[in-house]
There are 2 protein chains.
Amino acid sequence: MQEETTRRSNADRRRETRSALLAAARECFVSKGFAGTGTPELVAAAGMTRGALYHHFADKTDLFRAVLRAEAEAVAAAIRAAAPPGSDIVEALLSGADAYFAAMKAPGRARLLLVEGPAVLGPSEIAVLDDETGGATLREALTALNIAAPVPETARMLSAMFDSAALAIADGADPALYRTALGHLLTALARQ
Amino acid sequence: MQEETTRRSNADRRRETRSALLAAARECFVSKGFAGTGTPELVAAAGMTRGALYHHFADKTDLFRAVLRAEAEAVAAAIRAAAPPGSDIVEALLSGADAYFAAMKAPGRARLLLVEGPAVLGPSEIAVLDDETGGATLREALTALNIAAPVPETARMLSAMFDSAALAIADGADPALYRTALGHLLTALARQ
DNA sequence: GAAATAAACATACAGGCTGTATGTATGCAA
DNA sequence: TTGCATACATACAGCCTGTATGTTTATTTC
């Protein structure tokens with residue numbers, strides 16, 4: 001036995017401290033917001049020092065960006081996992097929305113992705129994440145529906161609808177109400 | 001002749017410095033964001049000192065709140081001024097949307113109200129402003145349409161649609177595309 | 001396997017910003 | 001004109017961010 005502290009490879013150290021920082025950052029950003037979280041408090045929660053933070057991330061914003069990426073990836077994975085077997089497009093959209101709402105129920109996730117994110121990183125950078133999360137799929141579905149309305153604009157607005165519903169649901173609203181409201185809107189749109 | 005500086009009443013001084021601070025704050029918050037704007041730079045742009053700022057406002061956030069209130073009031077006034085004479089509800093909604101889009105084209109206003117506001121003041125405080133701006137009117141219109149979908153949830157999601165369209169248009173997107181997309185969605189919803 | 005190098009941190013420091021406390025001048029009221 | 005309140009201006013304490021520098025541990029090279 002060499003020492004009490006376990007001997008770790010550089011790759012291990014790197015991975016472990018990074019994930020510790022990310023977890024603590026997520027926790028702090030959710031509970032106190034990006035501006036309300038100081039790096040001293042953040043690294044203390046992670047059991048690290050500010051030196052480790054600035055070794056792994058360019059600055060506080062870069063750490064925030066990494067947290068958001070992880071959240072967006074988790075949402076995208078959840079939606080992919082709930083891939084619908086049926087062929088009806090409206091139904092596929094609705095089940096996709098369900099998966100989205102469920103994924104966005106993770107504590108603080110809606111606030112991170114939909115409120116803090118656009119303000120800290122700018123709407124344009126968030127738009128990229130949105131696109132990976134489900135924006136492209138949404139546009140494909142609308143194209144398949146052969147609607148008369150312009151697809152990109154309709155997709156963008158529908159996406160905003162999903163987001164506002166997700167925020168409300170994560171805030172305690174009844175998902176069933178938003179689901180039926182969405183169902184009416186989408187079937188009305190498809191029938192046109 | 002007493003002095004070179006004009007002699008002003010307290011009420012005048014108060015009003016003038018307040019509006020100078022509000023104008024400079026709006027300018028700075030738009031160009032550099034809330035977090036990116038420091039109070040020293042802000043008061044310099046207003047030709048004032050930090051003492052004046054903290055005499056008139058509780059803190060930087062309170063000044064931001066005052067700026068947002070003015071913006072929201074301007075939008076509400078623009079929408080009220082464009083009150084439609086016709087009786088068709090869908091058409092009234094669309095012309096209301098047009099007025100909203102036009103009002104939100106004021107430089108930086110969309111970013112202030114839709115991006116920075118929710119992050120700085122919290123979504124709940126912004127919801128109040130939204131309601132005064134047009135949320136209540138929207139719910140009344142939906143009720144009059146006698147739609148099958150639940151009204152409050154539908155109104156909330158439609159409001160989010162308007163917001164995302166306003167943000168896109170303020171960012172340079174073609175208003176006509178969003179207008180037709182909205183027209184299709186609203187008429188489809190009304191026909192149900 | 002020993003020296004050299006690089007990675008992964010830890011510590012120290014320099015600026016800037018926020019909010020408050022205190023000081024001053026001007027309008028107002030009795 | 002005397003006292004008071006308002007409207008500021010200045011000074012200060014604390015915190016936070018990003019960088020620069022130091023130290024330890026792993027990895028590579030000879």
Side-chain angles (χ1 to χ4, degrees), chain A residues 1-25 27-29 31-67 116 119-122, chain B residues 1-25 27-29 31-67 116 119-122:
Chain A
M1 187 190 299
Q2 212 144 284
E3 304 136 15
E4 308 182 30
T5 60
T6 32
R7 182 187 163 99
R8 294 175 299 171
S9 80
N10 268 349
D12 283 350
R13 284 172 70 90
R14 187 173 180 79
R15 186 155 19 90
E16 285 169 20
T17 63
R18 259 190 75 100
S19 75
L21 286 171
L22 283 170
E27 167 80 18
C28 289
F29 290 154
S31 61
K32 323 184 100 182
F34 177 78
T37 299
T39 52
E41 144 191 33
L42 196 160
V43 297
M48 294 286 156
T49 66
R50 279 165 35 82
L53 197 170
Y54 283 91
H55 178 69
H56 285 280
F57 301 94
D59 53 18
K60 191 176 141 190
T61 302
D62 192 42
L63 171 59
F64 182 77
R65 192 187 337 265
V67 170
E116 298 265 330
V120 175
L121 303 178
Chain B
M1 188 192 296
Q2 210 142 288
E3 302 137 18
E4 308 184 30
T5 60
T6 33
R7 182 188 164 100
R8 294 175 298 170
S9 81
N10 267 349
D12 283 348
R13 285 173 69 91
R14 184 173 183 80
R15 188 156 16 91
E16 286 170 20
T17 63
R18 259 190 74 101
S19 75
L21 286 171
L22 283 171
E27 168 80 18
C28 289
F29 290 154
S31 61
K32 324 184 99 185
F34 177 78
T37 300
T39 51
E41 145 191 34
L42 196 159
V43 297
M48 295 285 158
T49 64
R50 279 164 36 81
L53 197 170
Y54 284 92
H55 178 69
H56 285 280
F57 301 94
D59 52 19
K60 193 177 139 188
T61 302
D62 193 42
L63 171 59
F64 181 78
R65 194 188 335 267
V67 170
E116 296 265 330
V120 175
L121 303 178

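By convention in this document, chain letters (A, B, ...) are assigned in the order of the sequence lines, proteins followed by strands, and residues within each chain are numbered from 1.
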S.K.: Please state how far atom CZ in A:R13 lies from atom C1' in D:dT27, giving the value in whole angstrom units.
M.R.: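 A:R13 atom CZ is separated from D:dT27 atom C1' by 13 Å.
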S.K.: Would you kindly give the CZ-to-P distance between A:F57 and C:dC9, to the nearest whole Å?
M.R.: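 It is 11 Å, rounded to the nearest whole Å.
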S.K.: Does B:H56 place a side-chain N or O at less than 4.0 Å from the phosphate oxygens OP1/OP2 of D:dC8?
M.R.: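 So the side-chain polar atoms of B:H56 do come within 4.0 Å of the phosphate oxygens OP1 or OP2 of D:dC8, strictly under.
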S.K.: Using whole Å, what does the distance between atom P of nucleotide D:dT21 and atom OH of A:Y54 come to?
M.R.: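 It is 18 Å, rounded to the nearest whole Å.
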S.K.: Quick one: sort the A:F34 and A:F29 rings into parallel, tilted or perpendicular, breaks at 30° and 60°.
M.R.: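 Plane angle between 30° and 60°, so tilted.
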S.K.: Separation of A:R14 atom CZ from C:dC9 atom C1', in whole Å?
M.R.: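 Computing the A:R14:CZ to C:dC9:C1' distance gives 11 Å.
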S.K.: Side-chain N or O of B:T17 versus OP1/OP2 of D:dC8: is the shortest distance under 4.0 Å?
M.R.: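 True: B:T17 side-chain N/O within range (under 4.0 Å) of D:dC8 OP1/OP2.
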S.K.: May I have the distance from A:F64 (atom CZ) to D:dT17 (atom P), rounded to whole angstrom?
M.R.: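 Nearest whole value for this atom pair: 14 Å.
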S.K.: Counting any heavy atom closer than 4.0 Å, what does B:T37 reach on the DNA or RNA strands: base, sugar-phosphate only, or nothing?
M.R.: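 If one applies the 4.0 Å heavy-atom cut-off, B:T37 turns out to touch the sugar-phosphate alone, with no base involved.
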S.K.: Nearest-nucleotide wise, let me know which of A:R50 and A:H55 is further upstream toward the 5' end of DNA chain C.
M.R.: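 It is A:H55, whose closest nucleotide lies nearer the 5' terminus.
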S.K.: For A:R8 and D:dT27, give me the distance from atom CZ to atom C1', rounded to whole Å.
M.R.: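 My rounded result for the distance is 16 Å.
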S.K.: With side chains defined as the heavy atoms from C-beta onward, is the minimum distance between A:T61 and A:R65 less than 4.5 Å?
M.R.: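 Yes, their side chains come closer than 4.5 Å.
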S.K.: Separation of B:D12 atom CG from C:dT26 atom P, in whole Å?
M.R.: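 Checked: the CG to P distance equals 17 Å.
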S.K.: Rounded off to whole Å, could you give me the NZ-to-C1' distance for the B:K60 and C:dG16 pair?
M.R.: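 Checked: the NZ to C1' distance equals 12 Å.
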S.K.: Please determine whether a side-chain nitrogen or oxygen atom of B:T39 lies at a distance below 4.0 Å from atom OP1 or OP2 of C:dT18.
M.R.: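 Yes.
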S.K.: State, to 0.1 Å, how close A:K60 and A:T37 come at their nearest heavy-atom pair, and which atoms those are.
M.R.: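 Shortest heavy-atom separation between A:K60 and A:T37 comes out as NZ-O, 2.9 Å.
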